[in-house]
Amino acid sequence: MKSRAASPPDGGYGWVVVVSAFFIMGLTTAVLKNFGLFFLDIQNHFGVQTSTTSWVTSTTIAMFHLGAPAASALTLRFSQRAVIVAGGLLTASGMLLSFLDLSLPWLYLTMGVLQGTGISFSWVPANSMVSHYFVQWRPIAYAIASSGECVFAIVFSPLFQWLIEFYSWQGAFLIIGGLQLNLCVCGALMRPLETVQSPMEATKEGGAPPKRSLFQCSLMRKPELLLYIMFAIFAAAGFYIPPLFLVPFVTSVGINEYWPASILSVLALADLAGRLICGWIANLRLLRNLQLLTIVVTLLGVVLLLLPISHNYWVILVFSALYGFLFGCVVAIHITSIVDIVSLEGLDSSLGLFMLFRSIGGFMGPPAAGWLVDQTKDFSAAFYLSGLCLISSAAFVVLVDLLLRKKKVVEGEACQPKTSWRTGMA
């Protein structure tokens with residue numbers, strides 16, 4: 001017998017973990033989602049092209065994903081608590097050092113490398129912790145935890161705009177870095193589940209803690225996981241373009257002052273509704289997770305293709321709300337769907353691999369969109385690219401679902417002869 005983690009409590013202290021994860025999502029990805037508010041100020045400050053400025057966010061996104069395997073390995077070696085605290089220190093350091101405003105490459109290092117790695121070290125273990133604490137209520141628990149990104153984004157949009165006006169973007173970074181130090185407090189609340197060890201194993205090892213494999217690279221042999229990783233690459237290329245280019249697009253069509261920030265707040269509110277509603281629907285098991293994911297990803301791509309067609313504020317607001325709602329639906333189920341592919345035991349390693357390869361799309365998407373904007377002199381091109389990437393990604397989810405269903409049918413047929421043979425012998 002092997003040692004294993006204690007059975008998920010599906011409640012109890014698990015709800016403290018959910019609340020802690022809620023704040024972690026808010027202090028990491030909600031900040032990343034509002035980077036678009038700083039885009040034009042940074043571009044004008046350094047006098048560079050759109051594509052050059054977008055590398056700041058791209059580096060953050062890339063490190064967020066590239067750091068995931070290290071975060072997963074360190075989580076297995078130490079604990080979620082330790083990794084989240086380290087991530088909080090890195091995240092805050094990156095934003096605080098950005099305040100020095102030494103050069104644009106300096107922002108690549110601080111906002112990009114340090115901030116991105118810190119976000120990864122906080123985000124990955126927090127998601128893992130919620131999944132380990134829940135089984136029956138996992139979709140709802142994850143939806144509540146991930147909704148922290150939306151709630152904080154609603155607050156951060158006007159707050160960051162106000163900070164930029166009164167303290168400049170450099171002063172805003174200093175204040176945001178101070179807020180992100182609270183990630184260390186959230187990490188301290190993440191109490192790991194106790195490991196249950198069999199008496200035989202305890203005697204065999206002299207009572208010493210069992211050694212744990214740092215990474216299960218054998219999971220890459222699963223064709224379902226490989227296809228799901230392809231989905232991640234194409235989806236990530238489309239995911240991170242709209243939050244970065246929405247404010248510049250709205251500003252370019254003549255909508256100024258606080259209106260762009262108000263669109264981000266409405267988007268975040270719709271995102272929150274999408275996560276909670278989709279999490280609830282997933283918990284009802286009316287559709288398979290992968291079926292639901294295919295539907296919402298396809299609709300999300302279509303909405304992004306239509307968003308820049310009109311330059312009217314209210315039309316943009318409606319499409320932004322639809323984008324936010326569908327984005328929330330995708331976020332609510334795309335991580336928990338990994339468990340359907342590799343089971344809970346392989347989640348930590350699979351999540352790291354998923355995030356690692358997703359970095360390809362996250363790293364290339366914004367610069368590619370920025371290049372298109374520079375070539376066409378129109379921010380609409382960024383949304384067209386985003387929509388096409390997301391619609392393409394849905395095709396891979398369909399293939400994953402077909403493979404998993406075929407696998408279950410084959411396993412069912414393999415069990416039938418054995419049952420018949422035993423019945424005949426009886």
Handout entry: Within 6.0 Å of OH in Tyr13, more than 12 heavy atoms from elsewhere
Key = yes
Exercise for the section: Mind listing the closest non-hydrogen atom pair of Ala237 and Ile241 along with its distance? Expected result: O-CD1, 3.0 Å
Fill in the blank from the handout: In Asn312, Leu306, Leu307, the residue satisfying side-chain contact (heavy atoms from CB on, under 4.5 Å) with Ile309 is Leu306
Handout entry: Test of ring centre spacing under 6.0 Å for Tyr108 and Trp55
Key = no
Exercise for the section: Using modelled atom types only, decide if a donor and an acceptor are shared between the side chain of Thr59 and the backbone of Val113 within a distance under 3.5 Å. Expected result: no
Problem - Which atom of Gly361 lies closest to which atom of Pro366, heavy atoms considered - result: O-CD, 4.5 Å
Problem - Closest contact, heavy atoms only, Ile391 versus Leu305 - result: CD1-CD1, 3.7 Å
Practice task
Would you confirm whether Gln180, through its side chain, and Leu27, through its main-chain N or O, come within 3.5 Å as a donor-acceptor pair?
Solution key: yes
Handout entry: Side-chain donor or acceptor of Arg275 paired with backbone N/O of Cys329 under 3.5 Å
Key = no
Exercise for the section: Answer yes if the ring centres of Trp15 and Phe134 are under 6.0 angstrom apart, and no otherwise. Expected result: yes
Handout entry: Backbone of Ile229 reached by a side-chain donor or acceptor of Arg358 within 3.5 Å
Key = no
Practice task
Would you check if the distance from the ring center of Phe152 to the ring center of Phe23 is below 6.0 Å?
Solution key: yes
Exercise for the section: Give a yes or no on whether the backbone of Met111 and the side-chain of Thr60 come within a donor-acceptor separation of less than 3.5 Å. Expected result: yes
Handout entry: Option from Arg288, Lys406, Gln291 for which side chain to side chain donor-acceptor pair (under 3.5 Å) with Asp401 holds
Key = Arg288
Problem - Heavy-atom pair with the smallest gap, counting every atom of Asp271 and Gly328 - result: OD1-CA, 2.9 Å
Practice task
Please check if any side-chain donor atom of Glu149 sits under 3.5 Å from a side-chain acceptor atom of Thr29, or the reverse.
Solution key: yes
Practice task
Count the heavy atoms belonging to other residues, nucleotides or ligands that lie under 6.0 Å from CH2 of Trp106, then report whether that count exceeds 12.
Solution key: yes
Exercise for the section: Please check if atom OH in Tyr142 has more than 12 non-hydrogen atoms from other residues, nucleotides or ligands closer than 6.0 Å. Expected result: yes
Practice task
Identify the residue among Phe234, Phe327, Phe231 that makes a side-chain contact (heavy atoms from CB on, under 4.5 Å) with Val297.
Solution key: Phe231
Exercise for the section: Evaluate side-chain contact (heavy atoms from CB on, under 4.5 Å) for Ile175 paired with Met95, printing each intermediate quantity in order. Expected result: CA-CA 9 Å; Ile175 296 169; Met95 198 60 90; over 6 Å; no
Exercise for the section: Check for a donor-acceptor pair, side chain of Ser79 on one end and backbone N or O of Thr75 on the other, with a separation under 3.5 Å. Expected result: no
Handout entry: Parallel, tilted or perpendicular: ring planes of Phe64 versus Trp123, cut at 30 and 60 degrees
Key = perpendicular
Practice task
Would you please test Leu390 and Ser386 for side-chain contact (heavy atoms from CB on, under 4.5 Å) and show each step?
Solution key: CA-CA 6 Å; Leu390 285 162; Ser386 178; 4.1 Å; yes
Practice task
Decide if the gap between the ring center of Phe245 and the ring center of Phe383 is smaller than 6.0 angstrom.
Solution key: no
